[in-house]
Structure formats: structure tokens, C-alpha cells
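Below is one structure, written out as C-alpha cells; comments come after it.
One is the number of the first residue; the rest follow in order along the sequence.
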Amino acid sequence: AQRARLLLIGRRGQRVATARGLPPHWSAPAIAHVGAAAALAEHIGVELSRMLAEGEVGRVEIVYTQPLDGSGLGLRRLSLFPLDLAHFPRSLQGPPPLVQLEPSALLERLAVEYLRAQLTEAVLLSFAAENTARMLAMTAARDNIGRTLDELRREARIARQEAITAEVVELAVGTAAQQTATT
């Protein structure tokens, strides 16, 4: 039985995994902008290809967070290897495609492109999820600031009303005292 190898992207995940006694076999920093997604996916693909070629792994799964409809986040788990050809239904419509490559070479190249596409999608969705999480945190902070501001305004109105009431009472007592003194 092969031991699981953990490849992690991003410092936060690396810290959490290490704290749980799961130090990563390989890691890389998360992307800072969308334009870096393809390069990171390629970097991950190179490491996975090396591990597969050297027999270090026999199965590859990716787990990542992705944005969900309604501004939430969800965890997605996807098996990448071995490649499940059932995900690619055969089209029986029309003539078969003309290919210039041997079928095994074509399948190998398509598998590499499929892996690259899945990794790029995972990187992009993770990036989107990170930005969604930040947006949700900022929205929650803004809402909290709004509630705090409303509470402070309410307290200020109460304090102002109490000060006005105290001043009115003071004027009334002063006026009453003055009337008593003049009579």
C-alpha cells in the first residue's frame, strides 16, 4: 500500500496541515492574481507527473474550496488519476474524427491536457473562493460597523436627550427658586 502524499497550495493550508501532523510532501504559494493560474497549474502538473512516473503515487485526488451560488463556499473533491474514461461519453453521431497521431499518443496528450485543465480550474476556483471569503468577511465587518454606528448614534441621542432634560429641570428649578425669592 502506497502512503498518501500531500501536495498543498497556500500558506494557510500548509500551517493547518502541519499543525494537524500532516506535513506536506510538496507545497507552493497560492496565486495573487488570475494571470498566474496557468503557471501554478503547470507547476503542480510537473510535480504530479514526476510522482506518477517514479511510482510514488497510484491515485491522485484534488480537494479545493470553490464559490457556490448564493455567496457561499463549498469543498470539492475530484479524482484525477487513474483517468476515468466514463467521464467522456463516446459520441456516436457523425463520422469518427480524423487524427494524425497514433491513438495511444493522442490519448496520452489528451490526458495531459485534461489534467492541466482540471488543475487550472481548481486553482482558479480556489482563487475565486479566497476572494469570495474575503468579500464575505468585509461585508460582515461593514455590517458590524453599521450596527455599532447605529448603536452609538442611539446612545448619543439618549445622552443628548438626558442632557436636555437635565438642563430643562435645572432651568425649571432655577425659575421656581427665583420666583420664590421674589415673593
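In this structure, the separation between CD1 on Ile145 and CG on Asp150 is 12.0 Å, given to the nearest 0.5 Å. Here OG1 of Thr139 is found 12.5 Å from CG of Asn144. Values are rounded to the nearest 0.5 Å. With values rounded to the nearest 0.5 angstrom, Trp26 atom CH2 is found 11.0 Å from Leu6 atom CG. How far OG1 of Thr148 is from CG of Asp143: 10.5 Å, rounded to the nearest 0.5 Å. To the nearest 0.5 angstrom, Met51 atom CE is 5.0 Å from Glu56 atom CD. Rounded to the nearest 0.5 angstrom, Leu152 CG and Arg147 CZ are separated by 13.0 Å.
A continuous path of hydrophobic side-chain contacts links Leu119 to Val34 [ILVMFWY only; heavy atoms under 4.5 Å].
Using a cut-off of 4.0 Å between Lys/Arg side-chain N and Asp/Glu carboxylate O, Arg76 and Glu121 are scored as salt-bridged. Ion pairing of Glu130 with Arg134 is present here, as a side-chain N (NZ or NE/NH1/NH2) and a carboxylate O approach within less than 4.0 Å. Taking the charged nitrogens against the carboxylate oxygens, Arg59 and Glu61 do have a contact shorter than 4.0 Å, which makes a salt bridge.
Exactly one residue among Ile9, Ile44, Leu7, Leu78 makes a side chain to side chain contact (heavy atoms under 4.5 Å, CB included) with Ile62. That residue is Leu78.
In Glu151, the CD atom is crowded: over 12 heavy atoms of neighbouring residues, nucleotides or ligands sit closer than 6.0 Å. Environment of CD in Glu155: crowded, with over 12 heavy atoms of neighbouring residues, nucleotides or ligands closer than 6.0 Å. Counting non-hydrogen atoms of other residues, nucleotides and ligands closer than 6.0 Å to CZ of Arg50 gives a total above 12. For Glu54, the CD atom is densely surrounded, since the number of other residues' heavy atoms within 6.0 Å is greater than 12.
Looking at Arg109 and Leu101, their side chains come closer than 4.5 Å, going by heavy atoms from C-beta outward.
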